[in-house]
Amino acid sequence: MLKERDYDVIVIGAGHAGCEAALAASRMGFSTCLFTMNLDTIGQMSCNPAIGGLAKGHIVREIDALGGEMAKITDKAGIQFRILNKSKGPAVWSLRAQADRVLYKLEIRKVLESQNNLDIKQASVEKIVAEDGKTEGVLTSLGIFYGAAAVIVTTGTFLKGLIHIGLENFQAGRAGEFPSVGLSNSLRELGFEMGRLKTGTPPRLDAKTIDFSKTEPQYGDEPPLAFSYSTEKITNPQLPCYITYTNPETHKIILGSLDRSPLYSGKIQGIGPRYCPSIEDKVVRFSDKLRHQVFLEPEGIETKEYYANGISTSLPYDVQVKLVRTIPGLENTEIMRPGYAIEYDFVFPTQIKHNLETKRISGLFLAGQINGTSGYEEAAAQGLMAGINAGLKLRGKEPLILGRQEAYIGVLIDDLITKGTSEPYRMFTSRAEYRLLLRHDNADLRLMEKGFNAGLIKTGQFKKVEEKKRLVSAEIDRLKKTRLKPSQINAALAEIGAAAITEDIILEQLLKRPEITYEFIKRFSPSEKSLNSDVEKQVEIQTKYDGYITRQLETAEKLKKGEGKKIPEGFDYGLVNGLSTEILEKLKRVMPENLGQAGRIPGITPAALSLLLINIEKKKRQGKKEKQT
């Protein structure tokens with residue numbers, strides 16, 4: 001074994017999780033090395049060429065507020081931006097962007113290669129080296145050892161990856177790339193319990209052979225709204241997507257080919273994503289539906305390749321050709337790359353802590369699909385948090401742990417480590433109890449201070465968000481103190497079909513009316529200081545939803561009290577009389593850090609929590625007595 005050198009932090013894998021982890025650790029001042037099996041696929045968008053969407057857009061904004069890179073790169077590579085759910089309340093508005101796949105990869109690599117304290121190496125890491133439950137470093141396939149106090153594993157779908165197209169299968173981490181077999185074996189040897197998951201991708205189509213006149217174009221917002229709080233303007237040309245649909249003929253071809261489907265023939269053992277099923281799955285499970293949407297997404301500005309979102313499949317190539325050509329607009333389409341399914345190993349996430357460090361090995365962190373998640377955004381969020389927490393651990397500081405009431409990232413990590421997962425986990429707004437607090441428009445107000453304290457947000461940017469907070473607060477305060485007379489606004493209210501007022505009205509109360517906007521208020525009582533649109537938007541949302549926000553804040557405060565009841569490290573649940581065998585097993589497996597987390601473990605009853613609280617308090621009293629004697 002040849003020793004090359006030591007680093008503070010080593011990151012394995014250069015997908016979205018790995019890129020964020022490496023940038024966070026190096027920006028915090030730690031010598032970092034990012035290992036990838038192929039330098040040319042750093043930051044590769046393995047699946048669809050899009051970032052954000054429902055709940056995922058919230059996560060991207062949170063990554064940006066904490067000092068991560070995904071939002072900035074998306075803005076540089078974005079070719080269409082749309083806010084989804086605009087017809088609903090602001091809690092579920094979410095930004096989504098189509099991205100130029102090649103441009104995204106080039107931009108993130110440029111950032112990584114120019115980053116101080118960061119080396120990038122093309123090598124296959126085969127083994128995690130650990131001694132006495134502590135990380136020592138990694139060993140590559142060439143027998144070279146690199147030492148590190150912290151190792152972050154972000155391997156995506158590469159751990160014993162197996163691709164399926166029809167009844168044929170072959171080992172690969174992604175189409176055209178080698179899998180990681182040795183590293184998967186190394187994790188098992190270290191004692192980690194591992195499972196098998198499956199995901200898939202649709203065929204890519206040649207735009208020259210698509211008849212777009214038979215499809216429905218979908219354009220982005222104009223002007224486009226950027227993801228990053230630091231982006232001033234989107235400069236790329238903006239391209240439309242196109243919508244078409246499957247039909248009974250498509251479904252007939254699929255149903256007649258299920259005997260050649262690895263999904264239905266038993267070839268695939270891994271569990272697939274429930275909320276993003278293959279077209280085979282959709283046709284079988286939703287047999288009453290006459291059609292399913294196909295969303296044609298451009299892969300980039302300079303390419304004719306289109307991603308056929310909605311028909312993810314692992315059927316044989318000849319069947320893929322037939323089913324595609326039954327779809328309106330795709331009758332003569334040529335497939336540039338076939339769809340496929342991929343199985344891969346993952347580590348059951350109940351084996352990690354809130355800081356994403358494994359419970360078994362000190363200094364070993366896991367982030368991304370290795371923890372059972374799906375999606376670029378969920379991966380990037382975990383990578384960022386793992387990078388930050390690896391750095392904080394090396395500094396001997398407390399970890400950065402986001403609560404469920406603070407961020408979607410907090411919900412994501414808490415769900416993984418508390419509930420675990422047996423299928424690819426995907427974030428939804430419905431998973432967040434406090435989604436009115438966790439809007440995509442206020443991620444900077446919620447989280448930028450934490451990013452600043454971690455050393456990832458620059459002073460100038462932090463001062464801007466502090467000034468924004470001050471301006472919002474001052475304007476809301478002004479609205480509470482300012483009144484308008486009926487003679488001033490009744491004519492204008494009549495113009496918009498709103499009810500007239502009979503006595504003076506406070507501006508705050510006026511703005512709470514559903515039909516009244518801040519723009520309307522400005523016409524009659526503008527702020528003394530000119531406010532930008534971002535501040536005005538916050539004033540309007542916070543005023544209109546004040547009652548709901550206050551109630552959620554009160555509920556969140558109760559949650560914090562539960563989180564404050566820490567469970568002592570090494571607490572012996574076996575000594576708690578009255579716990580059922582099932583509950584005891586769950587507590588021992590998850591090893592919750594506090595009563596709040598214990599209460600979120602599926603199957604843990606209020607009675608069990610009461611018993612825990614009694615025994616924790618009892619142990620504290622015993623500890624105090626021992627100290628006194």
Side-chain angles (χ1 to χ4, degrees), residues 16 19-20 23-24 27 43 45 49-53 56-84 86 90 93-115 219-239 298 300-301 376-377 380-381 383-384 407-409 439-452 454 456-469 471-472 531-538 541:
H16 301 283
C19 291
E20 295 289 356
L23 286 170
R27 286 169 174 171
M45 301 181 84
I51 297 290
K56 292 168 176 278
H58 293 70
I59 290 175
V60 179
R61 276 282 175 91
E62 291 177 354
I63 290 168
D64 189 61
L66 289 166
E69 203 66 26
M70 176 173 267
K72 297 182 182 70
I73 301 299
T74 302
D75 291 343
K76 290 177 182 176
I79 54 177
Q80 187 195 102
F81 293 79
R82 288 177 61 232
I83 293 183
L84 308 183
K86 253 332 251 293
W93 294 350
S94 205
L95 185 59
R96 184 181 191 269
Q98 296 295 140
D100 183 309
R101 189 190 296 274
V102 173
L103 191 53
Y104 190 99
K105 192 167 60 171
L106 290 173
E107 291 291 346
I108 191 65
R109 182 168 174 176
K110 190 191 303 181
V111 171
L112 288 161
E113 289 184 346
S114 61
Q115 178 61 45
Y219 298 94
D221 295 337
E222 193 57 48
L225 176 68
F227 262 115
S228 176
Y229 291 99
S230 61
T231 298
E232 294 182 1
K233 189 179 180 181
I234 302 298
T235 57
N236 286 332
Q238 299 296 285
L239 303 180
I301 299 168
Y376 309 142
E377 304 83 2
L384 174 64
Y408 271 89
I409 297 174
R439 305 183 310 276
H440 88 117
D441 61 82
N442 70 352
D444 56 339
L445 303 178
R446 288 186 279 120
L447 298 174
M448 204 167 277
E449 184 175 0
K450 294 179 187 293
F452 176 72
L456 299 182
I457 294 291
K458 292 179 181 176
T459 303
Q461 191 177 5
F462 179 58
K463 283 183 177 178
K464 282 182 183 178
V465 82
E466 288 294 287
E467 174 65 3
K468 179 178 170 181
K469 283 182 183 177
L471 290 171
V472 170
L531 304 176
N532 65 36
S533 59
D534 225 16
V535 171
E536 291 179 354
K537 187 191 301 176
Q538 282 304 311
I541 290 172

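This one's a predicted model, so the numbers in the text were calculated from it and none came from an experiment.
- No donor-acceptor distance shorter than 3.5 angstrom exists from the side chain of Q238 to the backbone of P223, with no hydrogens or angles considered.
- A salt bridge between K464 and E467 is absent, with no side-chain N of the basic residue lying under 4.0 Å from a carboxylate O of the acidic one.
- Of all non-hydrogen atoms in T74 and F81, the two that sit nearest each other are O-CZ, 3.8 Å.
- A distance of 8.5 Å separates OH in Y408 from CD1 in I59, rounded to the nearest 0.5 Å.
- Here the CD1 atom belonging to I79 is positioned 12.0 Å from the CD1 atom belonging to I234, to the nearest 0.5 angstrom.
- The nearest pair of heavy atoms linking N236 to D75 is ND2-O, 4.5 Å.
- For the pair L112 and C19, the tightest heavy-atom approach, listed with the atom from each and the gap, is CD1-SG, 3.6 Å.
- What you find for A381 and I409 is that their closest heavy atoms are CB-CG1, 3.8 Å.
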Stepwise side chain to side chain contact (heavy atoms under 4.5 Å, CB included) check, Y229 with R61 | CA-CA 8 Å; Y229 291 99; R61 276 282 175 91; 3.7 Å; yes

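- Of the possible polar contacts, none joining the E69 side chain to the I108 backbone as a donor-acceptor pair under 3.5 Å is found.
- In this structure, CH2 in W93 is found 7.0 Å from NE2 in H440, a value given to the nearest 0.5 Å.
- When all heavy atoms are compared, the tightest approach of D100 to L103 is OD1-N, 2.9 Å.
- For Y104 and H16, the ring centers sit closer than 6.0 Å to each other.
- To the nearest 0.5 angstrom, L95 atom CG is 10.0 Å from H58 atom NE2.
- Remark: the backbone N or O of G52 is paired with a side-chain donor or acceptor of E377 at under 3.5 angstrom.
- Here the CG atom belonging to N532 is positioned 10.0 Å from the NZ atom belonging to K537, to the nearest 0.5 angstrom.
- Contact check for E113 versus R109: side-chain heavy atoms found under the 4.5 Å cut-off.
- Evaluation of the side-chain contact (heavy atoms from CB on, under 4.5 Å) rule for A71 yields V60, D64, F227, S228 as partners, not counting sequence neighbours.
- The CZ atom of R82 sits 13.0 Å away from the OH atom of Y219 when rounded to the nearest 0.5 Å.
- Between K468 and D534, at least one side-chain nitrogen of the basic residue sits less than 4.0 Å from a carboxylate oxygen of the acidic one, meeting the salt-bridge criterion.
- Between the R27 side chain and the L456 main chain, no donor and acceptor come within less than 3.5 Å of each other.
- Smallest separation of non-hydrogen atoms from G68 and L384: CA-CD1, 4.1 Å.
- Between L239 and Q98, every side-chain heavy-atom pair lies at or beyond the 4.5 Å cut-off.
- For the residue pair D441/Q538, the side-chain donor-acceptor check at 3.5 Å is satisfied.
- Looking at R446, K56, K450 one by one, the single match for salt bridge (Lys or Arg N to Asp or Glu O under 4.0 Å) with E62 turns out to be R446.
- Using a 4.0 Å cut-off between a side-chain N of Lys or Arg and a carboxylate O of Asp or Glu, K469 and E466 qualify as a salt bridge.
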